[in-house]
Undergrad: 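I am attaching a structure below and will ask some questions about it afterwards.
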Amino acid sequence: MLPHKQLEQRLQPAVRAVLPDADIGSVLVRPCPDPKFGDYQTTALMALAKPRKLNPRQLAADVLARLEVGDLCEKVEIAGAGFLNFRLKAAAVAKTLSAAASGEHLFFDKAIRPRTVVVDFSSPNVAKPMHVGHIRSTILGDSLARLLGLLGHRVITDNHIGDWGTQFGMLLVGWKRDLDPTALKTDAIAELERLYKRVSAECKDNPATLEAARQELVKLQAGDEENLRIWREMIALSQVQFDAIYARLGVKFDHTLGESFYNPRLKALVDELIARGIARESEGAKAVFFEDLPQLKDTPALIQKSDGGFNYTTTDLATLAYRLETWRPDEVIYVTDGRQQLHFQQVFAAFRRWHPEAPMKLAHVWFGSILGEDGKPFKTRSGETVKLADLLDEAEERAFKVVTEKSPDLPEPQRREIARVVGIGAVKYADLLPNRQSDYVFSWDKMLALSGNTAPYLQYACARIRSIFRKGGETSNREPQTANLELAAPEELALARHLLNFGLVLDAAADEYRPNYICNYLYDLAGHFTRFYENCPVLKADAAERTSRLLLCDLTARVLKQGLEVLGIETLEQM
RNA sequence: GCGCCCGUAGCUCAGUUGGAUAGAGCAUCUGCCUUCUAAGCAGAGGGUCCCGCGUUCGAGUCGCGGCGGGCGCGCCA
């Protein structure tokens with residue numbers, strides 16, 4: 001068991017003995033903000049003392065009197081207003097490292113109660129190019145899915161693509177009137193986009209075109225065979241594009257059940273909600289009202305339009321019902337931008353009324369918008385969005401220039417491969433590092449930066465470690481020599497102690513759906529490693545020290561690699 | 001009008017049950033490659049955490065009121 005958990009396990013009964021009514025679940029042990037205070041601390045005693053009007057330092061002393069941690073820690077200190085500070089014995093740190101080296105754990109624990117979690121993310125639209133607007137959902141969602149999986153949960157990823165809706169009326173008009181088969185072969189999405197824009201523009205000042213689009217849509221919805229065939233082809237062509245992007249990003253889905261998949265369920269859904277009094281007619285449409293919810297009382301959710309058509313609230317409700325009956329999940333997570341907060345509040349609230357017995361947690365994990373330098377939603381100068389494929393190309397190209405500059409002797413194919421891993425990693429990391437709820441201003445230079453707190457910095461640390469093993473003729477270091485594990489230099493101790501906190505960070509990131517905690521942890525880890533690297537020679541050290549340091553290097557590399565893997569970022573042997 | 005989010009160093013941003021002297025990156029300046037990869041390291045400068053009041057032993061974090069900005073609010077998704 002990890003030291004901070006052992007401390008909690010011993011601290012909690014001690015607190016209970018002193019304060020029998022206390023909620024010991026709040027008695028947690030966390031890393032100290034500054035190593036001068038110790039390795040771990042608890043601030044819980046001050047919080048417990050307050051409502052009881054106890055002297056917090058006296059309470060700390062009383063708890064301390066009942067606490068036996070001498071095997072793990074140096075003398076426990078009561079500090080400040082009532083902090084309890086723990087400093088691990090070097091032997092306790094070494095023991096945890098040895099356990100990790102022998103494969104018992106990698107400084108984290110699997111969930112005690114595994115859950116089934118559906119993660120809904122990415123959701124691009126058919127017939128449109130994937131652009132930078134899709135990147136956050138895709139990368140954040142993928143990372144959360146990986147993280148939950150690593151922690152032992154059963155994860156189901158589902159790409160709820162936009163394969164249905166009014167845009168298909170216009171696309172069908174364009175396809176029938178103006179399709180360029182050659183262009184379709186060369187770049188299907190560009191051709192579909194061209195058709196859509198052309199018809200869409202025409203609709204604005206030509207009512208006849210608008211009517212034609214409406215007619216094509218009605219025919220499609222009525223099951224017209226030709227329109228269905230064209231529609232299916234557009235989906236297939238789009239899927240090719242999606243797959244190409246996902247392959248580059250290393251993103252995989254268990255299911256791709258688009259909006260159209262739920263069409264057959266929508267009418268019955270609305271009928272049931274009406275019959276049960278959950279929805280009612282309003283101004284010709286059908287809507288769910290939430291008079292009893294202060295947040296939503298003025299914003300009913302439409303589930304059927306006055307023309308009989310359904311909208312995305314209807315589809316999302318049907319989707320939830322399908323997921324409930326198909327996978328029986330404990331939780332469904334939606335990863336979308338923050339502008340859909342109201343929508344998901346409505347969907348969740350409506351679903352609760354429809355299926356009050358369903359035990360699943362519903363989470364809307366939202367993120368901020370990508371803005372242009374003018375502070376408005378991001379577009380290029382010509383008004384286009386930046387295509388995701390172009391962004392990835394540029395990332396790899398810039399990385400290739402740097403690799404070529406730094407490692408001119410490597411053969412080109414290897415430099416290309418390094419550039420791919422570095423470039424894609426940089427893009428992902430740039431997206432995962434900020435707090436997801438912040439808006440951010442898109443900048444090529446920031447997105448593609450290769451120095452400072454970036455993925456390449458972490459990959460570089462990995463590559464340096466691998467280089468040590470290559471130079472030392474070591475393959476890996478799976479046989480720990482516990483007796484020889486010496487943590488003497490301050491840089492060694494700092495690095496070792498930081499390794500112990502990997503699991504704390506993974507748990508926090510999963511609880512709050514915030515992979516940026518992992519980014520910051522890994523950046524600190526790489527920093528600790530680099531300082532160790534600068535100050536503690538490994539291969540030139542004496543036998544015992546060398547063994548000890550190789551072990552430290554190996555564990556660091558494994559945590560870095562695992563951490564980056566959770567972020568969906570690859571590592572390299574050399575760069 | 002109602003609701004959600006944001007305001008932290010010149011710029012971009014972190015900041016884990018409220019916790020100890022608020023941290024990074026970029027940019028600027030000074031050092032460090034005959035020693036395991038300098039995509040790096042060491043150091044310097046840089047702060048009214050938007051303002052005010054309140055709760056608390058303790059507030060960037062919680063509450064209230066302002067100011068400034070972004071977004072959303074029935075037939076698009």
Side-chain angles (χ1 to χ4, degrees), chain A residues 25-28 30-34 36-37 41 43-44 46-47 49-50 55-56 79-83 123 125 162 164-167 259 282-287 294-307 309 311-313 315-316 337-343 345 366 368-369 371 375-377 399 402-403 405-407 422 433-435 437-441 443 445-446 449-454 456-457 459-461 463-472 504-505 507-509 511-512 514 516-517 519-520 523-524 527 530-531 533-535 537-540 553 574-575:
Chain A
S26 71
V27 179
L28 300 176
R30 298 282 100 124
C32 284
D34 188 323
K36 81 178 178 203
F37 297 125
Q41 67 177 201
T43 59
M46 292 179 281
K50 188 196 299 194
N55 178 335
F83 296 85
S123 311
N125 290 317
W164 197 252
T166 49
Q167 75 272 25
E259 293 166 357
S282 167
E283 297 173 35
K286 287 167 186 161
Q295 290 280 336
L296 297 176
K297 64 181 171 56
D298 298 325
T299 50
L302 259 59
I303 56 170
Q304 187 164 23
K305 302 189 279 182
S306 50
D307 69 357
N311 55 20
Y312 77 144
T313 300
T315 310
D316 279 350
D337 78 83
R339 287 173 299 192
Q340 298 192 44
Q341 283 175 89
L342 176 59
H343 167 68
Q345 282 182 31
W366 61 270
S369 308
L371 306 175
K376 294 186 178 156
V402 176
V403 183
E405 184 192 316
K406 306 276 181 188
S407 307
V422 167
L433 179 62
N435 180 326
Q437 289 174 331
S438 314
D439 290 343
Y440 70 67
V441 174
S443 144
D445 287 338
K446 208 170 85 180
L450 303 174
S451 64
N453 188 354
T454 62
Y457 179 81
Q459 292 165 325
Y460 185 59
R464 282 171 138 183
I465 295 171
R466 296 309 310 151
S467 176
I468 291 174
F469 282 93
R470 264 201 314 281
K471 291 254 163 69
L504 267 166
V505 172
D507 288 341
D511 288 346
E512 295 182 42
R514 293 189 191 277
N516 65 310
Y517 291 171
C519 296
N520 287 319
Y523 180 68
D524 289 339
T530 305
R531 286 184 284 278
Y533 181 90
E534 298 274 339
N535 292 288
V538 176
L539 297 176
K540 287 176 184 163
C553 286
Q574 203 175 344
M575 62 187 275

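Below, chain A is the first sequence line, B the second, and so on; all start at residue 1.
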Undergrad: Determine the Euclidean distance between corresponding C1' atoms of B:rG15 and B:rG52; express it in Å to zero decimal places.
TA: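 After rounding to an integer number of Å, I get 24 Å for this pair.
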
Undergrad: Who is the Watson-Crick or G-U wobble partner of B:rG68, with both distances under 3.5 Å?
TA: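 Base-paired to B:rC6.
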
Undergrad: What is the nucleic acid contact for A:Tyr533, judged by heavy atoms within less than 4.0 Å: base, sugar-phosphate only, or nothing?
TA: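 Here A:Tyr533 touches the bases of the nucleic acid.
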
Undergrad: Considering all heavy atoms of both residues, which atom of A:Val538 and which atom of A:Cys553 are nearest to each other, and what is their separation?
TA: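 Reported closest heavy-atom pair: CG2-SG, 4.0 Å.
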
Undergrad: For the residue pair A:Gln437 and A:Arg514, confirm or rule out a side-chain donor-acceptor distance under 3.5 Å.
TA: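 Judged by distance alone, the side chains do pair up.
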
Undergrad: Whether A:Ser438 contacts B:rA14 is assessed here as follows: a side-chain N or O lying under 4.0 Å from the phosphate OP1 or OP2. Is that the case?
TA: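 Checking A:Ser438 against B:rA14: at least one side-chain N or O falls below 4.0 Å of OP1 or OP2.
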
Undergrad: Just the atom pairs and distances: protein N or O near nucleotides 6-11 of chain B's N or O, under 3.5 Å.
TA:
none

Undergrad: Tabulate atom names and distances for all N/O pairs under 3.5 angstrom spanning the protein and nucleotides 18-21 of chain B.
TA:
residue: B:rG18; atom: O6; partner: A:Lys50; partner atom: NZ; Å: 3.0
residue: B:rA20; atom: N6; partner: A:Gln41; partner atom: NE2; Å: 2.4
residue: B:rA20; atom: N6; partner: A:Asn85; partner atom: OD1; Å: 2.7
residue: B:rA20; atom: N6; partner: A:Asn85; partner atom: ND2; Å: 3.3
residue: B:rA20; atom: N1; partner: A:Asn85; partner atom: ND2; Å: 3.2
residue: B:rU21; atom: N3; partner: A:Lys36; partner atom: NZ; Å: 3.4
residue: B:rU21; atom: O4; partner: A:Lys36; partner atom: NZ; Å: 2.1

Undergrad: Does OP1 or OP2 of B:rC4 have a side-chain N or O of A:Gln295 closer than 4.0 Å?
TA: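 The answer is yes; a side-chain N or O of A:Gln295 sits under 4.0 Å from OP1 or OP2.
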
Undergrad: So, does A:Ser467 get its side chain near the phosphate of B:rU37, meaning an N or O under 4.0 Å from OP1 or OP2?
TA: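 It does, given that an N or O in the side chain of A:Ser467 lies less than 4.0 Å from OP1 or OP2 of B:rU37.
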
Undergrad: Could you identify the nucleotide paired to B:rG25, looking across every strand shown and requiring Watson-Crick or G-U wobble geometry with both distances under 3.5 Å?
TA: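 In the structure as shown, B:rG25 has B:rC11 as its Watson-Crick or wobble partner.
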
Undergrad: Provide the closest heavy-atom pair for A:Thr313 versus A:Leu302 in the form atom of the first, atom of the second, distance.
TA: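 Looks like CB-O, 3.5 Å.
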
Undergrad: Which base sits across from B:rU48 as a Watson-Crick or G-U pair, both distances under 3.5 Å?
TA: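 Pairing partner, where one exists within any strand: none, as none qualifies.
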
Undergrad: Could you tell me the separation between the OH atom of A:Tyr312 and the P atom of B:rG74, rounded to a whole number of Å?
TA: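 About 10 Å, once rounded to whole Å.
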
Undergrad: Work out how far the C1' atom of B:rA9 is from that of B:rG45, and round it to whole angstrom.
TA: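 Looking at atom C1' only, B:rA9 and B:rG45 are 11 Å apart.
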
Undergrad: State the CD-OG1 distance between A:Glu259 and A:Thr315, to the nearest 0.5 angstrom.
TA: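 So the CD of A:Glu259 and the OG1 of A:Thr315 are separated by 5.5 Å.
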
Undergrad: Answer syn or anti for B:rC71, where the cut-off is 90° from 0 on the glycosidic torsion.
TA: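 Here B:rC71 takes the anti form, which means its glycosidic angle is more than 90° from 0.
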
Undergrad: Please name the pair of heavy atoms, one in A:Val27 and one in A:Ala44, separated by the smallest distance, quoted to 0.1 Å.
TA: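 That closest heavy-atom pairing would be CA-CB, 3.7 Å.
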
Undergrad: Do the side chains of A:Leu504 and A:Pro31 get nearer than 4.5 Å, heavy atoms only?
TA: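 Yes, their side chains come closer than 4.5 Å.
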
Undergrad: Could you identify the nucleotide paired to B:rU35, looking across every strand shown and requiring Watson-Crick or G-U wobble geometry with both distances under 3.5 Å?
TA: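 Across all strands, not a single nucleotide pairs with B:rU35.
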
Undergrad: Which heavy atom in A:Ala463 sits nearest to a heavy atom in A:Met575, and how many Å separate them?
TA: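 Of all heavy-atom pairs spanning A:Ala463 and A:Met575, the closest is CB-CG, 3.7 Å.
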
Undergrad: Looking at side-chain heavy atoms only, is the closest gap between A:Thr530 and A:Tyr457 below 4.5 Å?
TA: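 In short, these two side chains touch, coming nearer than 4.5 Å.
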
Undergrad: Taking 4.0 Å as the cut-off, does a side-chain nitrogen or oxygen of A:Asn435 come that near to OP1 or OP2 on B:rG15?
TA: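 It does, given that an N or O in the side chain of A:Asn435 lies less than 4.0 Å from OP1 or OP2 of B:rG15.
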
Undergrad: Using the C1' atom in both, what is the distance from B:rG65 to B:rG19, to the nearest Å?
TA: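 Looking at atom C1' only, B:rG65 and B:rG19 are 27 Å apart.
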
Undergrad: Which is it for B:rG52, anti or syn, if anything within 90° of zero counts as syn?
TA: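 With its glycosidic angle more than 90° from zero, B:rG52 counts as anti.
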
Undergrad: Check every strand shown and say whether A:Glu283 touches a base, only sugar-phosphate, or nothing at a heavy-atom separation below 4.0 Å.
TA: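 If one applies the 4.0 Å heavy-atom cut-off, A:Glu283 turns out to touch a base.
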
Undergrad: Which sits closer to the 5' end of RNA chain B, A:Ala44 or A:His343, going by the nucleotide each is nearest to?
TA: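 Residue closer to the 5' terminus by nearest nucleotide: A:Ala44.
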
Undergrad: When the nearest nucleotide of RNA chain B is assigned to A:Pro537 and to A:Thr166 on a heavy-atom basis, which residue is associated with the more 5' position?
TA: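 The residue mapped nearer the 5' terminus is A:Pro537.
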
Undergrad: Polar-atom pairs under 3.5 Å, protein N or O versus N or O of nucleotides 39-45 of chain B: list them with distances, or write none.
TA:
residue: B:rA39; atom: OP1; partner: A:Tyr460; partner atom: OH; Å: 3.0
residue: B:rA39; atom: OP2; partner: A:Lys406; partner atom: NZ; Å: 2.9
residue: B:rG40; atom: OP1; partner: A:Gly452; partner atom: N; Å: 3.0
residue: B:rG40; atom: O2'; partner: A:Arg464; partner atom: NH1; Å: 3.3
residue: B:rC41; atom: OP1; partner: A:Tyr457; partner atom: OH; Å: 2.8
residue: B:rC41; atom: O4'; partner: A:Glu534; partner atom: OE2; Å: 3.3

